Novice: 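What follows is a structure written as structure tokens; I'll ask about it next.
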Amino acid sequence: MAARDTSTIVLFDVDGTLTPARQRASPETEACLQALKKKVVVGLVGGSDLVKINEQMSMGDDDVTKRYDYVFSENGLVAHKNGELIHKQDIAKYMGEDKLQKLINFALNEMSQLTLPSKRGTFVEFRSGMINVCPVGRSCSQAQRDEFAAYDKEHRVREALVAKLRAEFPNDGFVFAIGGQISIDVYPENWDKRYCLQQVEKDQFKTIYFFGDKTSPGGNDHEIFSDPRTLGYTVTSPADTVEQITRLFLS
Ligand code: M1P
């Protein structure tokens, strides 16, 4: 068998690319990634925090940071390489308490005006490098998540909230991104998925592939997908990712 090509890294978005939104990877996807890892270096770059990526990608009994060469959670604001933490951002330090509280108070106030099919708890999730704002509440069930996602498609609840947030905080350096099914990610400018490339570049890869599903303008994969440092590929589902990886690297 040919030696592993350590000058090539393949980076994957998680939700919609390797798994259905916030669900676990299938055994087929996992097998494909492990076969790919024998050929090249493999990294994950998700918008979610590490706890969620671990639930989705660790196959139940493992530490996801040891399963892949790089795991970039929160867009790479928290970065692991070979199981070791190599970088961690702190949005509170960076933005300051005053700005963050204004943002949180405004978001909570706006969400308190909404009547939705259901509302549960954890409307603001504070992470290391970003804030996740969730009108239905992150503690909703899968059925409530699906119900909100369908309702949001019709009523554009998140788009309206993002428009209000942008109007209220035009010059504070926040980005408001709709990355998943039920929430909005808020982080400082330039802390999108390109952020992880800072770590990748240190290892001087010759080729950096990126696979994602939300690669169009406005999607949270767009910036890294269109960055000149990456070769970007768009996928339509986890099955499509497996198909493209098999064709490009494994057959
Ligand atoms: O990875 C994409 C997104 O996944 C989750 O989105 P949601 O719960 O809305 O489906 C969140 O963890 C979000 O931060 C992340 O960008």
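Quantities reported herein were computed from a predicted structural model and do not represent experimental measurements. Counting starts at 1 for both ligands and their atoms, in listed order.
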Novice: Are the side chains of Phe174 and Glu168 in contact, using a 4.5 Å heavy-atom criterion?
Specialist: no

Novice: If you measure from each heavy atom of Arg127 to ligand 1, is any distance below 4.0 Å?
Specialist: yes

Novice: I'd like to know whether ligand 1 has Val14 as a neighbour, heavy-atom separation below 4.0 Å.
Specialist: no

Novice: What's the shortest distance from atom 6 (O) of ligand 1 to any protein heavy atom, and which residue and atom give it?
Specialist: Gly180 CA, 3.4 Å

Novice: Measuring from the heavy atoms of Arg138, does anything fall under 4.0 Å of ligand 1?
Specialist: yes

Novice: For atom 2 (C) of ligand 1, which candidate among Asp15, Val45, Thr19, Ile53 holds the nearest heavy atom?
Specialist: Asp15

Novice: Taking the six-membered ring for Trp, are the ring centroids of Tyr209 and Phe249 within less than 6.0 Å of each other?
Specialist: yes

Novice: Considering only heavy atoms of Arg145, which atoms of ligand 1 have at least one such atom less than 4.0 Å away?
Specialist: 7 (P), 8 (O), 10 (O)

Novice: Measuring from Asp15:CG to Asp213:CG, what's the distance to the nearest 0.5 Å?
Specialist: 8.0 Å

Novice: What residue and heavy atom of the protein are closest to atom 11 (C) of ligand 1, and at what distance?
Specialist: Ser48 OG, 3.6 Å

Novice: Does the separation of the ring centres of Phe225 and Phe210 fall below 6.0 angstrom?
Specialist: no

Novice: Are any of the N/O atoms in Lys52 less than 3.5 Å from those in ligand 1?
Specialist: no

Novice: Going by the order shown, which atoms of ligand 1 are within less than 4.0 Å of some heavy atom of Ile182?
Specialist: 7 (P), 8 (O), 9 (O), 10 (O)

Novice: Hey, could you give me the CG/CG distance between Asn190 and Asn75, rounded to the nearest 0.5 Å?
Specialist: 11.5 Å

Novice: Pick out which of Phe211, Tyr233, Phe72 makes a ring pair (Phe, Tyr, Trp, His ring centres under 6.0 Å) with Phe12.
Specialist: Phe211

Novice: Which of the numbered atoms in ligand 1 are below 4.0 angstrom from a heavy atom of Asp185?
Specialist: 13 (C), 14 (O), 15 (C), 16 (O)

Novice: Check each of Leu108, Asp98, Val186 against Leu103 using the side-chain contact (heavy atoms from CB on, under 4.5 Å) test, and report the only one that passes.
Specialist: Val186

Novice: Any N or O of Arg158 that comes nearer than 3.5 Å to an N or O of ligand 1?
Specialist: no

Novice: For Ser183, which part has a heavy atom under 4.0 Å from ligand 1: side chain, backbone, both, or neither?
Specialist: both

Novice: Identify, by atom number and element, the atoms of ligand 1 in contact range of Asn132, meaning under 4.0 Å from any of its heavy atoms.
Specialist: 13 (C), 14 (O)

Novice: Is any side-chain heavy atom of Thr29 closer than 4.5 Å to one of Thr19?
Specialist: no

